[in-house]
Structure formats: C-alpha cells, structure tokens
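Notes follow the structure.
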Amino acid sequence: MPENYITKQNETGNVHIAEDVLYVMASASVAEVDGVAGLSNTFGSDLVELLGRKSLSRGIKVTVEEDTITIDALITVRYGYVVTDVAKKVQEEIASSVESMTGMKPVVNVHVTGIAFDKASNN
C-alpha cells in the first residue's frame, strides 16, 4: 500500500484509511469549536506542495509512525475567548472524531498562532 494509508488489522482482514481522510476529519472538528476563527497556514506548506505532497487542509498536519497518529492543528482564536479553553476543546474534538471513525486514538497537538479581532463596523 502507498505510504499515505494507515492500516488497521482486525480478525477479518485489514482496513486501509487514507491520510487525506484524517485531514478532513480534523478540519471538520476544528470548524465545530466555538471560538476558533480558522485554521492558520502551515509554515512551509508551499514548499511541501512543490515537492509533490499535496496539502488538503492548510493548518492540519498528520504524521503516522508505526501505530501512532499525530495530528497538529494550527488555529487562530477569536478575541474574547480563553485561548487554553479553545485549544483544549479543539484537542478533544479532533481526538474524539478520529477515534470514533477509525478506532485509533491520536495524539493531538494544538498550536495557537494568533488572535482574530472582529472588524469594526462603520455606523
């Protein structure tokens, strides 16, 4: 199988999950968290794309080593929210989503890269 698949063995055979599926799960989970303004662009993602690896979701990085899935999420938090609370909720949402859909418990690292301010409206 190509390296971009995660393989889970069970009594009836193997299940192969594309890493792209993990990107989609993580991105959808982040979008559900109140206080997240959005995903940040990953540093070096343009270089990675030039080298032939596509990045489905900027702001999400998936690493698979042996039986460990590590997901790094780079987020921007909305002004007025408690940064640590938002980051913890993002961790919980991603871990829960990936575990419920794959049966594998990931390590989730959240990197807060900035604060987003609401644009002032002109009255």
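Position 1 is the first residue of the sequence; numbering continues from there.
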side-chain contact (heavy atoms from CB on, under 4.5 Å) test vs Met104 passes for just one of Val98, Leu22, Ile69, Val64, namely Ile69

Among Val33, Val82, Ile115, side-chain contact (heavy atoms from CB on, under 4.5 Å) partner for Val77: Ile115

Using atom types as modelled, flag every donor-acceptor pair under 3.5 Å from a side chain in residues 83-92 to any protein atom, sequence neighbours excluded.
unit_1, atom_1, unit_2, atom_2, d
Lys89, NZ, Glu93, OE2, 3.1
Gln91, NE2, Val108, O, 3.0

Thr113 side chain vs Ile75 backbone, donor-acceptor pair below 3.5 Å: yes

Could you state the interatomic distance from [atom1] ([X]) to [atom2] ([Y]), rounded to the nearest 0.5 Å?
{"X": "Ile60", "Y": "Glu19", "atom1": "CD1", "atom2": "CD", "answer": "13.0 Å"}
{"X": "Ile6", "Y": "Asn14", "atom1": "CD1", "atom2": "CG", "answer": "13.5 Å"}
{"X": "Met101", "Y": "Ser96", "atom1": "CE", "atom2": "OG", "answer": "10.5 Å"}
{"X": "Asn109", "Y": "Ile94", "atom1": "CG", "atom2": "CD1", "answer": "9.5 Å"}

Would you check, one step at a time, whether the test side-chain contact (heavy atoms from CB on, under 4.5 Å) holds for Thr70 with Glu65? CA-CA 8 Å; Thr70 303; Glu65 294 177 357; over 6 Å; no

Go through Leu74 and Leu39 one step at a time and tell me if the side-chain contact (heavy atoms from CB on, under 4.5 Å) criterion holds. CA-CA 6 Å; Leu74 282 73; Leu39 290 166; 5.9 Å; no

Val36 versus Arg78, closest heavy-atom pair with distance: O-NE, 3.9 Å

Restricting to non-hydrogen atoms, name the atom on Met25 and the atom on Thr102 that form the minimum distance, rounded to 0.1 Å. CE-CG2, 3.8 Å

Can you list the residues that meet the side chain to side chain donor-acceptor pair (under 3.5 Å) rule with Thr12, with sequence neighbours excluded? Asn10

Atom CZ of residue position Phe117 - does it have more than 12 heavy atoms of other residues, nucleotides or ligands inside 6.0 Å? yes

